[in-house]
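To start, the structure itself, in structure tokens.
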Amino acid sequence: MTALMRPPATGLTDAGAFSALAGERLYGEPRAADAAHQSPSDYDLNADAELPAPLTLTPAAVLVPVIARRPLTVLLTERTAHLNAHAGQIAFPGGRIETRDASPLEAALREAHEEVGLPFEAVTPLGYLDPYRTGTGYIITPVVALVQPDFAVMPDANEVADVFEVPLNFLMDPANHRIDSRVWRGARRRFYALQFEQRYIWGATAGIITTLYRRLYAK
């Protein structure tokens, strides 16, 4: 991939270093999708696809939970096979922003608590990435947070088939970022993907991982 370089060691193993880097380079407040359609999206690799207008998209939020192990890891979920949307896919904890949610942060924390049992007090928010537009009609606000590791995972069996962790240094290595393609709605579409052991991470989740890499390490 052009314009990408190897990530430095800074912030990949130590929680304090990662928090400092995130504090410097992430946004301190959620950002709105701009009218010029500059937010990262599923359409970045498909110039011929029609990008929906911001007002037609459903607001959502996800938590990007960086677990304070040494080295650092990122918690991800595998969605259950019976769900109507994104069944079986790898995802960050998160979902639609409800009217009861005061902010994207509140929505991301609520969803993470409901989906995997993540206690609110274990989470230290570090900042926000640019909103991410999906081909399925959502505009996602990613909230990056540091999470203390001493909590019991309690997945919601209706939504979450599995919970697992991936080393942050694997996700932030551009050598592991690839571009795959498949036919969707009658046209071949390209998308970001990563293969970690038996886990295939693709679509919006891989796109957000790529966005995190670019924000933290590609400058």
Side-chain angles (χ1 to χ4, degrees), residues 3-5 7-34 38-41 44 54 57 59-77 91-98 101-113 115-116 118-134 138-149 151 165-174 177 192 194 201 204-219:
L4 295 182
M5 57 187 178
T10 304
L12 291 174
T13 60
D14 179 73
F18 179 80
S19 296
L21 183 66
E24 292 174 1
R25 298 191 176 178
L26 297 178
Y27 299 112
E29 299 290 337
R31 290 170 62 86
D34 59 62
Q38 295 303 307
S39 298
S41 75
D44 291 348
L57 296 169
V62 298
L63 192 70
V64 181
V66 179
I67 310 299
R69 304 192 193 279
R70 194 171 183 92
L72 299 171
T73 63
V74 176
L75 184 145
L76 290 165
T77 71
F92 292 112
R96 185 193 304 261
I97 298 176
E98 306 288 355
D101 297 318
S103 65
L105 172 60
E106 186 171 303
L109 292 175
R110 174 184 56 77
E111 288 282 351
H113 180 70
E115 290 182 9
V116 301
L118 183 61
F120 301 114
E121 61 270 18
V123 182
T124 301
L126 300 177
Y128 299 86
L129 293 171
D130 284 300
Y132 188 95
R133 303 166 191 263
T134 76
Y138 287 88
I139 181 76
I140 302 172
T141 298
V143 183
V144 181
L146 188 69
V147 177
Q148 295 306 311
F151 72 93
E165 297 176 29
V166 180
L168 179 65
N169 56 15
F170 176 90
L171 297 177
M172 294 297 100
D173 186 343
H177 302 178
Y192 293 110
L194 301 93
I201 306 167
T205 303
I208 290 171
I209 290 168
T210 302
T211 301
L212 179 65
Y213 166 75
R214 287 176 172 160
R215 191 72 194 171
L216 294 186
Y217 297 108
K219 292 187 178 182

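- By the 4.5 Å heavy-atom criterion applied to side chains, Val62 and Tyr132 are not counted as neighbours.
- The only member of Leu75, Ile140, Val74, Leu63 that meets side-chain contact (heavy atoms from CB on, under 4.5 Å) when paired with Phe92 is Val74.
- Partners of Glu111 by side chain to side chain contact (heavy atoms under 4.5 Å, CB included), not counting sequence neighbours, listed by chain and number: Glu114, Glu115.
- Put simply, the side chain of Arg215 never gets that close to the backbone of Leu26: no donor and acceptor are under 3.5 Å apart.
- Residue Ile201 comes nearest to Ala206 through the heavy atom pair O-CB, 3.8 Å, listed as atom of the first residue, atom of the second, then distance.
- Considering all non-hydrogen atoms of both residues, Phe120 and Leu109 come closest at CE2-O, 3.4 Å.
- Residue pairs meeting the salt bridge (charged side-chain N to carboxylate O under 4.0 Å, His left out) criterion with at least one member in residues 62-76, sequence neighbours excluded, are Asp14-Arg70, Arg69-Glu165.
- Here the closest non-hydrogen pair linking Ala107 and Ala61 is CB-CB, 4.2 Å.
- Side-chain atoms of His113 do not come within 3.5 Å of backbone N or O of Ala108 as any donor-acceptor pair.
- Taking Glu106 as the reference, Asp101, Ala102, Ser103 meet the side chain to side chain contact (heavy atoms under 4.5 Å, CB included) condition, with sequence neighbours excluded.
- Side-chain atoms of Thr141 never come within 3.5 Å of backbone atoms of Pro131 as a donor-acceptor pair (strictly under, hydrogens ignored).
- With a 4.5 Å cut-off on side-chain heavy atoms, Ile209 and Tyr192 do not count as touching.
- Listed here is the closest heavy atom pair of Pro93 and Thr77: CG-CG2, 4.3 Å.
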